Amino acid sequence: AQLRFNFSSSFPHEFTSLTASPFNWLETTYRYTEIKNKNYGPSAYSNNQSLKDKGFDVKVRILRESYFLPSVALGLRDVAGTGLFSSEYIVSSKKFNNLDVSLGVGWGIMGTESNISNPLKSFSESFKTRNDSLGNGGEFSLKNWFSGDAALFGGLEYDLPRKGLRLKLEYDTSNPDYRNIVPDVKSRINLGIN
């Protein structure tokens, strides 16, 4: 079991989260977000109080990695939240010695890049469109799950075992500049060190 506390800030969002992994197949996250460039309400009501958003995420491993097959996980972000950060995804991951490769399909915020057609729309017309209106939170928006635009995303992680470091590279499909969250994004590739 693991319990992690995380804080990150990338204007205009400031995220604080608590992630629990009670089993090796389950990960749950409670996230609290401050949106610094939006007011909580009308200025007479909120003064200079910034907008806050709470969310709950869950990720479940549905297939364990084997010698030939990758691990596969299903995830939901902002479950029963306002929908401001809602996404659904299916991701696979396979380790080759010190290199871990991930590839997935995302919907909602993670599908904003819209670089593929939604693979589920052949099953039902209801998967073609997503209601983008925001709710008040506290309700499950089941009709939106896995619907609307979809995007392929992926990443690489290289483990340097002697140094205790992991180098990360990911292709981000959330497109905050298209959604007017930030004015301009110069690259969809993110780099990181763990």
Side-chain angles (χ1 to χ4, degrees), residues 1-10 13-33 53-113 116 118-120 123 127 137-142 144-147 150-174 188-194:
Q2 291 184 2
L3 188 63
R4 298 186 310 268
F5 177 77
N6 181 58
F7 175 81
S8 66
S9 182
S10 179
H13 299 138
E14 192 171 275
F15 297 102
T16 305
S17 63
L18 182 65
T19 300
S21 300
F23 310 105
N24 61 7
W25 53 269
L26 176 67
E27 182 178 284
T28 58
T29 300
Y30 173 76
R31 186 182 352 89
Y32 186 80
T33 307
D53 188 73
K54 295 178 279 189
F56 182 72
D57 307 343
V58 63
K59 180 171 77 171
V60 177
R61 186 185 68 217
I62 54 179
L63 181 65
R64 183 189 294 257
E65 183 175 349
S66 67
Y67 185 77
F68 293 106
L69 296 175
S71 67
V72 178
L74 176 80
L76 302 170
R77 287 187 178 174
D78 202 10
V79 177
T82 60
L84 192 58
F85 297 100
S86 67
S87 287
E88 305 81 41
Y89 61 92
I90 298 172
V91 64
S92 63
S93 181
K94 182 78 173 113
K95 196 162 178 111
F96 302 96
N97 295 321
N98 292 345
L99 182 66
D100 200 348
V101 179
S102 296
L103 181 65
V105 178
W107 293 264
I109 296 299
M110 294 176 72
T112 309
E113 179 75 12
I116 63 168
N118 187 337
L120 299 177
F123 294 110
F127 289 115
E139 296 178 12
F140 290 98
S141 299
L142 295 173
N144 276 341
W145 289 2
F146 303 98
S147 63
L152 283 176
F153 64 89
L156 302 171
E157 184 175 305
Y158 187 77
D159 192 3
L160 298 167
R162 291 188 183 180
K163 304 292 183 191
L165 295 174
R166 283 181 282 172
L167 308 176
K168 298 183 176 214
L169 178 139
E170 72 173 3
Y171 174 61
D172 183 6
T173 58
S174 65
R188 304 287 175 213
I189 304 294
N190 295 324
L191 301 172
I193 290 181
N194 225 17

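Being a predicted model, the structure only gives us computed values, none of them experimental.
In this structure, the side chains of Asn24 and Arg61 come closer than 4.5 Å at one or more pairs of heavy atoms. Within the 4.5 Å cutoff, side-chain heavy atoms of Val105 are placed close to those of Leu152. Counting heavy atoms from C-beta on, the side chains of Ile189 and Leu169 come closer than 4.5 Å. Counting only heavy atoms from C-beta outward, the side chains of Phe96 and Val101 approach each other to under 4.5 Å. Using a 4.5 Å heavy-atom cutoff, the side chains of Glu14 and Phe7 are in contact. Using a 4.5 Å heavy-atom cutoff, the side chains of Tyr158 and Leu165 are not in contact. Within the 4.5 Å cutoff, the side chain of Val91 has no heavy atoms near those of the Leu103 side chain. When side chains are defined from C-beta on, Phe15 counts as touching Arg31, because their heavy atoms get closer than 4.5 Å.
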Hey, mind stepping through Leu156 and Lys168 against side chain to side chain contact (heavy atoms under 4.5 Å, CB included) and telling me if it holds? CA-CA 6 Å; Leu156 302 171; Lys168 298 183 176 214; over 6 Å; no
Could you check Asp78 against Phe56 for side chain to side chain contact (heavy atoms under 4.5 Å, CB included), going step by step and ending with a plain yes or no? CA-CA 5 Å; Asp78 202 10; Phe56 182 72; over 6 Å; no
Pair Val79, Trp145 - check side chain to side chain contact (heavy atoms under 4.5 Å, CB included), show working. CA-CA 10 Å; Val79 177; Trp145 289 2; 4.2 Å; yes
For Leu26 and Val58: C-alpha separation, side-chain torsions, deciding distance, then whether side chain to side chain contact (heavy atoms under 4.5 Å, CB included) applies. CA-CA 7 Å; Leu26 176 67; Val58 63; 3.8 Å; yes
For Asn144 and Ser86, run side chain to side chain donor-acceptor pair (under 3.5 Å): C-alpha distance rounded to whole Å, both residues' side-chain angles, the deciding distance at 0.1 Å, then the answer. CA-CA 9 Å; Asn144 276 341; Ser86 67; over 6 Å; no
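A distance of 13.0 Å separates CG in Leu84 from CZ in Arg77, rounded to the nearest 0.5 Å. One distance of note links CG of Asn98 with CD of Glu157; it measures 10.5 Å at 0.5 Å rounding. The distance from the CG atom of Leu63 to the CD1 atom of Ile90 is 12.0 Å, given to the nearest 0.5 Å. The structure places CG of Asn6 at 4.0 Å from OG of Ser17, a figure rounded to the nearest 0.5 Å. With rounding to the nearest 0.5 Å, the separation of CG in Asp53 from OH in Tyr32 is 9.5 Å. To the nearest 0.5 Å, atoms OG (Ser102) and CD (Glu170) are separated by 10.0 Å.
Using a cut-off of 4.0 Å between Lys/Arg side-chain N and Asp/Glu carboxylate O, Arg4 and Glu27 are scored as salt-bridged. A salt bridge does not link Glu65 with Lys95: every distance from a Lys NZ or Arg NE/NH1/NH2 to an Asp or Glu carboxylate oxygen is 4.0 Å or more.
Judged purely by distance below 3.5 Å, without hydrogens or angles, the side chains of Thr28 and Asp57 never pair a donor atom with an acceptor atom. Inspection of the Tyr171 and Glu113 side chains reveals an N or O donor paired with an N or O acceptor under 3.5 Å.
For the pair Lys59 and Tyr89, the tightest heavy-atom approach, listed with the atom from each and the gap, is CD-OH, 3.2 Å. Here the closest non-hydrogen pair linking Pro161 and Asp159 is CD-O, 3.0 Å. Taking all atoms of both residues into account, the shortest heavy-atom contact from Ser87 to Gly108 is OG-C, 4.0 Å. Shown here for Gly106 and Phe153, the closest heavy-atom pair between the two residues is N-CE2, 3.7 Å.
Side chain of Ser93 to backbone of Ser71: no donor-acceptor contact under 3.5 angstrom is found. Glu88 places a side-chain N or O within 3.5 Å of a backbone atom of Phe146 that can act as its donor or acceptor partner. Lys94 places a side-chain N or O within donor-acceptor distance of the main-chain N or O of Ser66, the cut-off being under 3.5 Å.
Dense packing is recorded around CG of Leu3, with more than 12 heavy atoms of other residues, nucleotides or ligands lying under 6.0 Å away. Atom CG of Asn194 sits in a crowded spot, with more than 12 heavy atoms from other residues, nucleotides or ligands closer than 6.0 Å. Around atom CZ of Phe123, no more than 12 heavy atoms belonging to other residues, nucleotides or ligands sit under 6.0 Å away.
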